[in-house]
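What follows is one structure encoded as structure tokens, with my remarks underneath.
Each chain gets a letter, A, B and so on, in the order the sequences are listed, and its residues count up from 1.
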Amino acid sequence: MNNKEIEKKWQNYWIEHKKFEAKTNDIKDPYYILVEFPYPSGAGLHVGHVRSYTAQDALARMKRMQGYNVLFPMGWDAFGAPAEQYAIKNHIHPKEAVKENIKTFKKQMQTLGFSFDWDREFSTTDPEYYKWTQWQFLQFYKHGMAYKDTIPVNWCPKCKSVLSNEDSAGGVCERCGTKVIQKEKSQWMLKMSNYAEDLLTGLNDTNFAEKVKLGQINWIGKSVGAEVTFKIKNSKETFTVFTTRCDTLFGATYCVLAPEHKIVDLITTKEHKKEVEEYKKQCLLKNELERTELNKEKTGVFTGAYAINPVNNKEIPIYISDYVLSTYGTGAIMAVPAHDERDFEFAKKFNIPIIQVLEETTGKIKENEYKKNSIVAVLYDEKEDKYLTINWHEKGGRLFIGGTIKDKETALECAKREIKEETGYKNIELISELPKINHHYYAYNKDKYFNIESTGYLFKLVNNEKDKQNLDEDEVFDIEWVDKKVIEKEITDELHKKTYEYALNPGPMTGDGIHINSGFLDGLNKEDAVNKMLEYLEENKLGTKKVNYKMRDWIFSRQRFWGEPIPMIYCKNCGWVPMNEEDLPLLLPDVAEYEPTDNGESPLAKIDEWVNTTCPKCGAKAKRETDTMPNWAGSSWYFLRFMDPHNNKEFAGMEAMKYWRKVDWYNGGMEHTARHLLYARFWVQFLYNIGLVPSKEMIWTRVSHGMVLGSDNQKMSKSKGNVINPDDIVNEFGADTLRTYELFMGDYQMDCPWNTDSLKGCKRFIDKVIRLKDKVIEGDSYSKSLETIINKSIKKVENDLQTMAYNTAISTLMILVNKFEDEASITKADYKVLLTLLNPIAPHITEELNETLGYSPICESSWPKYDEAKTIDEEKEIGVQVNGKLRASIKIKLDENEESIKEKALNSENVKKHIENKTIIKIIVIPNKIVNVVVK
RNA sequence: GCCCAAGUGGCGGAAUAGGUAGACGCACAGGACUUAAAAUCCUGCGGGUAUAACAACCCGUGCCGGUUCAAGUCCGGCCUUGGGCACCA
């Protein structure tokens with residue numbers, strides 16, 4: 001028989017005998033394996049799909065043999081724009097296109113032998129399914145979790161169409177290239193922000209990969225801070241800012257309001273009205289991308305108003321700028337340019353004072369320190385690209401110019417004086433004053449500990465004119481101009497090093513340190529100062545502790561045809577009224593035109609007989625909502641439906657869900673780990689809170705796979721011509737070869753390029769397995785010579801399949817096969833165990849070969865057990881090192897005593913050579929691993 | 001800019017807990033079988049010094065430094081690539 005016949009034979013066998021049917025309430029333990037259901041595109045199955053489905057299939061097949069009741073379902077996430085586009089073009093109903101595509105996908109999946117339970121198949125576009133998606137939306141609405149709000153959307157003025165973020169990448173319409181603008185639109189929203197904290201803490205009840213959890217955490221974007229209220233000079237208005245750094249309040253030198261902030265118009269003075277109006281207008285013209293991406297240069301205008309800093313009553317100017325978002329926090333900030341990147345940039349541009357309130361600390365703090373103020377001056381010669389340094393040689397190494405500030409002298413005067421005294425240079429120009437540093441050190445010549453506040457300066461050399469130096473007796477050093485490299489290598493003093501860094505990269509100090517210029521916070525570090533300030537604000541009713549999240553509410557409306565209709569009705573008398581639950585599903589109409597309307601309404605808006613209805617509450621004439629749900633809706637709960645797919649009374653029965661508990665193993669693409677998973681968890685948590693699912697988290701482990709790239713290491717795409725069609729591979733090499741190769745190609749969780757030559761290697765491996773059958777002799781126990789490697793292999797393959805190390809599972813089997821080949825004959829038992837271990841990966845050929853041995857099908861047998869004692873070699877070769885270098889290897893018996901190992905090691909010829917005339921300091925023996933002889 | 005992941009032969013990739021780096025496969029080279037090809041089998045395959053051959057030695061897991069008897073693996077500092085977020089105060 002050829003490949004195709006064998007594959008067909010077994011695929012039929014599995015289906016006819018319902019081998020993969022998952023029965024709810026089986027007495028066996030449940031195990032739910034889920035792989036993201038695909039969008040059935042016209043392009044057919046991608047080799048990337050094949051990789052993850054095969055991986056999950058292998059796990060499912062092994063788990064079944066291990067005695068679990070495995071639920072391994074498949075379905076279709078078939079709503080979405082491509083089907084709608086196709087429909088517009090060809091004037092057919094998208095459901096027809098979807099039907100065709102599903103047929104293709106399913107056929108492809110079946111030729112690959114995936115062990116899905118097809119009895120549970122459904123599509124999100126089935127009315128029996130989306131009925132429940134709509135029903136769940138109504139629950140959101142009834143529990144106050146869905147509301148309408150006006151939100152700006154991406155709008156293409158030429159296509160007259162609302163665009164998703166993907167369709168408007170780069171700020172232009174994907175189809176016609178017109179610049180996308182923002183248009184306000186009333187949309188349905190789900191109050192997901194209410195769940196921010198629960199979605200965060202819920203992660204503790206999951207076993208997601210760390211990076212997946214991190215993705216969730218970042219998306220939620222929790223930050224703890226304070227809201228502080230500012231009064232306005234000569235006005236009754238106040239405004240509140242959100243800050244995570246209330247410890248820097250003494251350093252606030254201005255405030256910024258988002259241009260959309262409500263009080264802008266109320267506080268803007270007459271003199272500034274025009275500018276403010278103009279700026280606001282500009283902001284409106286910009287689309288979201290321009291506001292965010294074109295952030296090279298800060299813009300903004302002064303309102304003429306002054307805020308009163310509540311901690312020191314200083315008057316500070318209020319600006320408006322679009323670098324403050326109206327949608328986050330309070331839409332207003334206090335700006336601390338000395339300690340925030342953005343504020344620093346803005347302050348530099350608008351010449352706003354910068355007040356340092358936090359000093360970085362360097363050196364080690366000691367008791368009984370003497371305090372003083374000093375400077376470090378960096379003098380730069382632009383022409384030579386060199387810096388002036390003082391070389392104390394052994395007495396203190398290389399430093400910049402430093403010195404102590406005298407009484408009645410400013411820091412700047414001190415810096416200039418020191419340069420002149422120590423080096424003689426007198427024509428210098430100040431470039432910048434650098435942030436102050438709090439430094440602790442020990443002075444050998446004085447035998448004292450010092451704590452200094454050092455001000456750094458960067459000067460430029462104007463010319464080489466010099467006065468005579470004016471040195472103390474103990475000041476013996478060389479003055480040297482050196483370049484960057486020397487500085488980076490030779491200046492090791494922490495204070496000078498740090499000063500140099502500041503000179504090189506002017507910017508705010510955003511790290512930790514100790515507070516200065518901060519009244520009651522002086523001397524505290526960041527954390528303590530934050531807490532103390534919070535206390536102070538709350539005591540004096542100036543502000544409160546506050547938590548903010550980046551995560552916003554979920555915009556749930558799409559102006560599309562091909563999505564679940566939102567089951568809401570607008571009545572002039574009653575407002576928005578939910579449909580009666582018993583009237584669900586609200587079906588999509590059977591029409592053949594799907595062009596959007598000119599004003600950006602969904603295509604549904606044009607279908608009068610569908611739109612016009614009566615109010616469920618008062619019976620008056622009313623209109624249906626014409627927006628549909630986003631693609632994410634149907635996929636937010638499909639894994640629940642798989643637990644009870646034919647239920648026509650509920651979306652899924654509690655009993656069934658309690659039996660299956662949760663998804664044990666969920667595999668999907670990395671690109672979905674943030675949003676899809678977050679939406680799904682939110683959906684489940686809501687259902688849990690209203691008592692409809694058994695636990696708050698319904699997914700236990702989430703893992704992600706790498707992409708299969710083209711052989712050119714690029715993403716596969718038609719335009720690059722590097723697409724591999726799985727059908728071609730199955731035709732030429734067979735499904736088992738393709739499956740084996742896809743798992744063998746590399747680390748499952750990493751991207752990996754396709755290589756047809758490598759695939760041929762897997763074909764060779766399968767052929768070898770087939771040829772082994774000629775060596776099989778009777779015998780129902782393992783050959784003595786193969787016992788150890790067989791036990792080892794069972795252990796390794798079993799372990800690898802459940803840790804996604806598919807590639808090493810296969811290499812283990814290759815090693816086993818090579819070993820079998822070396823034998824003159826192998827027993828039936830030997831062969832059977834090989835076939836069973838390989839079966840999850842290559843199910844067809846292994847079933848066929850197994851049948852020729854006269855055994856019952858592998859899918860009806862159980863997974864082999866290994867004997868731990870027989871997985872260990874009796875004799876082992878270990879390395880012998882001398883001073884960490886490998887010099888010999890010796891054979892040892894399992895658990896041989898240390899003395900005898902040492903003796904063997906020391907007696908190896910090459911080891912003897914290397915320890916000759918040397919003293920053995922110690923001999924390290926790591927049992928069964930290595931010996932290291934340390935000599936001197 | 002920030003966060004995450006990854007850098008190992010000609011290539012895909014191994015290396016469980018710090019313990020013989022390069023498993024397994026591909027490609028390549030030589031040989032066997034064959035009229036021939038395919039298939040199959042055998043041998044070699046990180047770089048270098050060296051040798052008739054063996055042995056032996058040196059270097060080697062992105063770069064620099066550290067910890068350790070011992071580092072691909074741990075620590076500190078960089079560089080490069082890929083992915084995610086992107087003015088979130």
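Of all nucleotides present, none satisfies the Watson-Crick or G-U wobble test against B:U20 with each distance under 3.5 Å. Base pairing annotation: B:C63 forms a Watson-Crick or G-U wobble pair with B:G77, both donor-acceptor distances under 3.5 Å. Pairing partner, B:G1: B:C85, with both Watson-Crick or wobble hydrogen-bond distances short of 3.5 Å. Here B:C41 sits opposite B:G31 as a Watson-Crick or G-U wobble pair (both hydrogen-bonding atom distances under 3.5 Å). Judged by Watson-Crick or G-U wobble contacts below 3.5 Å, the nucleotide B:U51 has no partner.
Taking atom C1' in both B:G47 and B:G60, one finds a spacing of 7 Å when rounded to whole Å. Taking the C1' atoms as reference points, B:A5 lies 28 Å from B:A89, given to the whole Å. Nucleotides B:U40 and B:C79 have their P atoms positioned 49 Å apart, rounded to a whole Å. Only the P atoms considered, B:G19 is 10 Å distant from B:G72, to the nearest whole Å. Rounded to the nearest Å, the gap between the C1' atom of B:A53 and that of B:U34 is 33 Å. The gap from the C1' atom of B:G76 to that of B:U67 amounts to 11 Å, rounded to the nearest Å. Using P as the reference atom, B:A38 and B:C28 are 11 Å apart when rounded to the nearest Å. On the C1' atoms, B:C24 is 15 Å away from B:G9, given to the nearest whole Å.
Between the C1' atom of B:C3 and the CD1 atom of A:I220 lies a distance of 15 Å, rounded to the nearest Å. Atoms CD1 (A:I926) and P (B:A17) sit 16 Å apart, rounded to a whole Å. The NZ-C1' distance, from A:K885 to B:A71, rounds to 14 Å in whole Å. As rounded to whole Å, 14 Å separates atom C1' of B:C85 from atom CG of A:L325. Between the CZ atom of A:R887 and the P atom of B:A56 there is a distance of 10 Å, given to the nearest Å. Atom NZ in A:K768 sits about 8 Å away from atom P in B:C42, given to the nearest Å. Summarising the geometry, the separation between CD on A:E742 and P on B:G25 is reported as 20 Å, rounded to the nearest angstrom. Put simply, CG on A:N883 is 13 Å from P on B:C57, counting in whole angstrom units.
The side chain of A:D747 lies closest to B:A14, out of B:A21, B:A14, B:C26. Of the listed nucleotides (B:C26, B:C69, B:A21), B:A21 has the atom at the smallest distance from the side chain of A:L886. In the set B:G13, B:U20, B:A89, the nucleotide with an atom closest to the side chain of A:P753 is B:G13. Closest approach to the A:V934 side chain among B:A14, B:C69, B:U20 is made by B:C69 (side chain taken as heavy atoms from C-beta onward). The side chain of A:T244 lies closest to B:A89 when the candidates are B:A89, B:C41, B:U20. Side chain of A:M814, nearest nucleotide from B:A21, B:G25, B:A89: B:G25. The listed nucleotides are B:G25, B:A56, B:C69; the one nearest the side chain of A:K922 is B:C69. For A:R764, taking side-chain heavy atoms from C-beta onward, the closest of the listed nucleotides B:C69, B:A27, B:C87 is B:A27. Distance from the side chain of A:S811 is smallest to B:A23 among B:C41, B:A23, B:G13. For A:I924, the side-chain atoms get nearest to B:C69 when compared with the rest of B:C69, B:G13, B:A89.
Side-chain contact, A:Y254 with A:N309: no donor N or O sits under 3.5 Å from an acceptor N or O. Using modelled atom types, one finds no donor on one side chain facing an acceptor on the other under 3.5 Å when comparing A:T240 with A:T330.
Using the six-membered ring where Trp is involved, A:Y679 and A:W554 have ring planes that are parallel, under 30° apart on the 30 and 60° scheme. The aromatic rings of A:H676 and A:W632 lie parallel to each other, with less than 30° between the two planes, well short of the 60° mark.
A salt bridge is absent between A:K819 and A:D822; no separation between the charged side-chain nitrogens and carboxylate oxygens falls under 4.0 Å. The residues A:K280 and A:E260 are annotated as not salt-bridged, no charged nitrogen and carboxylate oxygen being separated by less than 4.0 angstrom. Residues A:D322 and A:K298 are not paired through a salt bridge, judged by the lack of any N-O separation under 4.0 Å between the basic side chain and the carboxylate.
Glycosidic torsion of B:G9 falls within 90° of 0, placing the base in syn. An anti orientation is assigned to B:A39, its glycosidic angle lying beyond 90° of 0.
Residue-level contact check: A:I923 touches neither bases nor backbone, having no heavy atom under 4.0 Å from any strand. Across all strands shown, A:N807 has heavy atoms under 4.0 Å from sugar-phosphate atoms exclusively, and none from any base. Within 4.0 Å (heavy atoms only), A:D343 reaches no atom of the nucleic acid at all. Backbone-only contact: A:E821 has heavy atoms under 4.0 Å from sugar-phosphate atoms and none from a base. Among the atoms of the strands shown, only primed sugar atoms or phosphate atoms (P, OP1, OP2) are found under 4.0 Å from some heavy atom of A:N818. In this structure, A:G329 reaches neither bases nor backbone, as no heavy-atom distance under 4.0 Å exists between it and the strands shown. Contact annotation for A:K550: base contact, defined as any heavy-atom pair under 4.0 Å involving a base atom. A:F744 comes within contact range of at least one nucleobase, with a heavy-atom separation under 4.0 Å. Within 4.0 Å of A:D767, counting heavy atoms only, lies no atom of the nucleic acid at all. Within the 4.0 angstrom heavy-atom criterion, only backbone atoms of the sugar-phosphate kind lie near A:S223; the bases stay farther away. Across all strands, A:H339 comes closer than 4.0 Å to no nucleic acid atom at all (heavy-atom distances).
Looking at every heavy atom in both residues, A:L358 comes nearest to A:M509 through O-CE, 3.6 Å. Among all heavy-atom pairs drawn from A:M533 and A:C246, the shortest one is CG-O, 3.3 Å. Nearest heavy-atom pair, A:Y741 versus A:P753, reported as atom, atom and distance to 0.1 Å: OH-O, 3.8 Å.
Both A:M707 and A:F242 sit near RNA chain B, but only A:M707 has its closest nucleotide nearer the 5' end. Taking for each of A:V931 and A:M750 the nucleotide of RNA chain B with the nearest heavy atom, the 5'-most of the two is the partner of A:M750.
The phosphate of B:A89 has neither OP1 nor OP2 within less than 4.0 Å of any side-chain N or O from A:Y323. Of the side-chain N and O atoms in A:N218, none sit less than 4.0 angstrom from OP1 or OP2 of B:A86. Between A:N755 and B:C11 there is no side-chain polar atom (N or O) within less than 4.0 angstrom of OP1 or OP2.
A:D757 contributes no side-chain N or O that forms a donor-acceptor pair with the base of B:C26 under 3.5 Å. If you check distances only, the side chain of A:K298 does reach the base of B:C87 with a donor-acceptor pair under 3.5 Å.
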